[in-house]
Novice: 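The structure follows.
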Number of protein chains: 2
Amino acid sequence: MSVTFKDVAKLAGVSTQTVSRVTNGADNVSPETRDRVNQAINALGYIPNKGAQMLSRGKSKTLGIVSLDIALHGVALIVNGVRQQAYEKGYGAALSIVENNEFGRIKAAIRELASQQVDYIVVNVPLTQEMAEQLVEQFTSLNFMFIDVPEHSKVNYVCAEHTEGAKMAVQHLIACQRENFLLVTGPNASTGSSLRRAGWRDELTQNGKNIVASYEGDWDAQSGYLAIRDALAKKQSFDAVLVANDQMALGVLCALNELGISVPDKVSVVGFDNISDSAFFTPPLTTVEQDFLALGQQAVKRLLDSTEQSPHSYCQLILPTRLIVRSSTSVKTKQGENAQEILNHLDKARALLQSSLERN
Amino acid sequence: MSVTFKDVAKLAGVSTQTVSRVTNGADNVSPETRDRVNQAINALGYIPNKGAQMLSRGKSKTLGIVSLDIALHGVALIVNGVRQQAYEKGYGAALSIVENNEFGRIKAAIRELASQQVDYIVVNVPLTQEMAEQLVEQFTSLNFMFIDVPEHSKVNYVCAEHTEGAKMAVQHLIACQRENFLLVTGPNASTGSSLRRAGWRDELTQNGKNIVASYEGDWDAQSGYLAIRDALAKKQSFDAVLVANDQMALGVLCALNELGISVPDKVSVVGFDNISDSAFFTPPLTTVEQDFLALGQQAVKRLLDSTEQSPHSYCQLILPTRLIVRSSTSVKTKQGENAQEILNHLDKARALLQSSLERN
DNA sequence: CACATTAATGTTATCGAAAACATTTCACAC
DNA sequence: GTGTGAAATGTTTTCGATAACATTAATGTG
């Protein structure tokens, strides 16, 4: 079968323990022996057996991630952040994906990771406060870090400033003199989505603005598209759309463009996330940036730090969000304000067409 | 520390071997004993130790994936397909991500997975034929499956019909009476990108069409955007753009829209991949679909099947691509053909504006 | 009733690496 | 030259689960 210490030891003419010393970089091995062992390792193509290492060491130097579907761009970035930081700290990363956020599935995923003897677990799945606390209680041998769990939970968490970010979006649209708002939220089960919606709602009612309708999307472009089509089919009148992520905002823009409703003038749109694509939407999207990568990185950093702390202090870190203003929002053009200018353009265009028509 | 068989056995009043029999679902255990053991397992919250299992069983029932960055949407879908199929066949999945496609990194990743005693490895990183063959040769104890490796390599592979798909895109644009083509490729290191470019080139030269310029992008929207800006800055004239993926096509569309160059009329654009967003671009993108999920799934399916085959037969599966026609392509409007129609529209618009202007 | 058969369970050895402990060798001090 | 300590290496035991083998008890058969 596979090459083990025994084979290496035999070839190098030493004991297995000496081989172990070499692979672990112990300093009490003579240079000549070390060389001989390393040569044997290379010659045989020795690869350590993680299972055996885990067993004898007791710990695995591995961090587990329980995550939503990585096909969601934000999720993939968070996972990247986690992996990267884990790797930097000398940890491996084991990823377990849960399709839906059924609690049983999540527990099973954690059990799966626990069976791999992971030392830490980062959970990036929407959970209620109770669920998070229950997990910590149930899996006492594991150290948890949660991402985007409700604030004030008695667990370690790292969170984006969803509510504040949402409020900034509203404030910006109010500054754009918008009055009637359409909301497109994420799935209600998502903590992030709930927080954003709450932020929107708070700020809108506080400023006496009108919420025309609220649609629950599923994060992808189609749900944004369908929301707008439905709203327009119902002849609802709005001059601003708040969208819970950029991908749905793409669908929103598509529907508006398709129907010839001018963005940003007639309807302004603000997204959330600032994914790299959103700068290239038509028009480029005003959005609220959150730093997914940093979220993942900080989750790991704080988790590893927290174990050195006293047991009853939690890491509760909230990362800032910030408004990125692009062309999908603007102050409403007063009717007729630019009309003369547009008229001039039209005349010019007309003349051009006319002449080309005559030439044919 | 953690709960082991010993603890369970003691509580249930049986031997550890009996506990093992229960957890492995052996049939020669009396129902009462089984119940007693299961109760003990639940009471203690026993979780098996994968390392120990691996060690004693010899095999891990795990499949390794070496993959590019999962932040690329297509990659994430492939990984999903692999995981899903592996899971279905009773295998776990260990993911190792390599940042760049440096060969040393890839080898290290495989070694890492091998140390976890994976039984199979799916490689989704651009490799040359030689590299792929070398890996198979070096890691004799592993069973490999490659995704998108050059055809006719002497290894197992699953591949999308890049070249054919690319040709379909060209044929479609030729049917749209396009003459001057701009190319935006993916990174040259990518096998998929090379195959697509080759397909474009072949079909274009065969039909005597003009390649105005070729830009090498890095898969993201910005590189598509920059390509167009550069081409226009150099006053290049083209009426069709072939783009190696949809995300870059988004950037292409953005640049064209921004400059008021009408898509599809003045310039038609075809992407590649058919990611879910592309139906919601402005305008919705004509593109070549490839089924990433199926690619991942088939990779695993064939890999598991192949080990039952004779050693010197390779699985070499090529999955079809298909053209999805949307609004980013069209037959070129003959100058003046629709002019009268447009003129009528203009007149209507003018009247509307005029009246609103007078009202103010 | 003695003996074969099977069901249910227990005992021991094993996987590969590493920790704990043991031994050997050599250098140096007194 | 004997004792002390450190460096280099070897031996034994351990981790947790399981395969291989061993035992016991119960059942059935001629």
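What's counted below: heavy atoms across the whole structure, side chains too, no hydrogens, waters or symmetry copies. First the proteins, then the strands, lettered A, B, ... as listed; each starts at 1.
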Novice: For the pair made of CZ in B/Arg36 and C1' in C/dT9, what is the distance, rounded to whole Å?
Specialist: 11 Å

Novice: Any donor-acceptor pair under 3.5 Å linking the side chain of B/Ser193 with the backbone of B/Ser190?
Specialist: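 Not confirmed, B/Ser193 side chain does not pair with B/Ser190 backbone.
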
Novice: Do the side chains of B/Ile147 and B/Leu295 get nearer than 4.5 Å, heavy atoms only?
Specialist: yes

Novice: Reckon A/Ser30 touches a base, only the sugar-phosphate, or nothing at all at heavy-atom distances under 4.0 Å?
Specialist: sugar-phosphate

Novice: Whole angstrom is fine here: how far is it from CG in B/Asp7 over to C1' in D/dG16?
Specialist: 11 Å

Novice: Is atom CZ of A/Arg105 surrounded by more than 12 heavy atoms (other residues, nucleotides or ligands) closer than 6.0 Å?
Specialist: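 Counting other residues, nucleotides and ligands, CZ of A/Arg105 stays at 12 neighbours or fewer.
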
Novice: Is the shortest heavy-atom distance from the side chain of A/Lys107 to the side chain of A/Ile110 under 4.5 Å?
Specialist: no

Novice: Quick one: is B/Thr33 getting a side-chain N or O under 4.0 Å of the C/dT9 phosphate, OP1 or OP2?
Specialist: yes

Novice: Under the side chain to side chain contact (heavy atoms under 4.5 Å, CB included) rule, what do B/Asn49 and B/Thr4 come out as? Steps first, then yes or no, please.
Specialist: CA-CA 8 Å; B/Asn49 183 321; B/Thr4 72; over 6 Å; no

Novice: Got a donor-acceptor contact below 3.5 angstrom from the A/Asn24 side chain to the A/Ser20 backbone?
Specialist: yes

Novice: Does a nitrogen or oxygen in the side chain of B/Thr23 sit under 4.0 Å from OP1 or OP2 of D/dA17?
Specialist: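 For D/dA17, OP1/OP2 do not have a side-chain N/O of B/Thr23 under 4.0 Å.
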
Novice: For nucleotides 22-26 of chain D, list the nitrogen or oxygen atoms of the protein found under 3.5 Å from its nitrogen or oxygen atoms, one pair per line.
Specialist:
none

Novice: Output the rounded distance in Å from NZ (B/Lys59) to C1' (D/dT18).
Specialist: 17 Å

Novice: Just by modelled atom types, is the A/Glu99 backbone N or O under 3.5 Å from a matching donor or acceptor in the A/Asp69 side chain?
Specialist: no

Novice: Answer with yes or no after comparing the ring centroid distance for A/Tyr120 and A/Phe144 against a 6.0 Å cut-off, counting only values under it.
Specialist: no

Novice: Could you tell me whether the phosphate oxygens of C/dG16, OP1 or OP2, come under 4.0 Å of any side-chain nitrogen or oxygen in A/Ser20?
Specialist: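 Answer is no, no contact under 4.0 Å.
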
Novice: Examine A/Tyr157 together with A/Tyr314 and report whether their ring centres are nearer than 6.0 Å.
Specialist: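 So the answer is no for these two rings.
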
Novice: Within this structure, what is the NZ-to-P distance between A/Lys10 and D/dT9, rounded to whole angstrom?
Specialist: 20 Å

Novice: Round to the nearest Å and state the distance from B/Phe5 atom CZ to C/dT12 atom C1'.
Specialist: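 In whole Å, C/dT12 C1' and B/Phe5 CZ are 17 Å from each other.
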
Novice: Would you say C/dA18 has OP1 or OP2 under 4.0 Å from some side-chain N or O of A/Asn24?
Specialist: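 It does, given that an N or O in the side chain of A/Asn24 lies less than 4.0 Å from OP1 or OP2 of C/dA18.
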
Novice: In whole Å, what is the span from the CG atom of A/Asn28 to the C1' atom of D/dG5?
Specialist: 15 Å

Novice: Starting the side chain at C-beta, find the nucleotide from D/dG10, C/dG16, C/dA18 nearest to A/Arg57.
Specialist: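 Out of D/dG10, C/dG16, C/dA18, the nucleotide with an atom closest to A/Arg57's side chain is C/dA18.
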
Novice: Pick base, sugar-phosphate or nothing for A/Val14, based on heavy-atom distances below 4.0 Å to the nucleic acid.
Specialist: sugar-phosphate

Novice: For the pair B/Thr18 and B/Ser15, evaluate side-chain hydrogen bond (donor to acceptor under 3.5 Å, both in side chains) and give the outcome as yes or no after the intermediate values.
Specialist: CA-CA 5 Å; B/Thr18 300; B/Ser15 70; 3.2 Å; yes

Novice: Heavy atoms from C-beta onward define the side chain here; which of C/dA18, C/dC15, D/dT9 lies closest to that of A/Gln17?
Specialist: C/dA18

Novice: Using a cut-off of strictly less than 4.0 Å, decide whether B/Thr18 has a side-chain nitrogen or oxygen near OP1 or OP2 of C/dG10.
Specialist: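 Yes, within the criterion.
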
Novice: Using a 4.0 Å cut-off on heavy atoms, which residues in residues 45-56 of chain B reach DNA chain C? List them by number, or say none.
Specialist: B/Leu55, B/Ser56

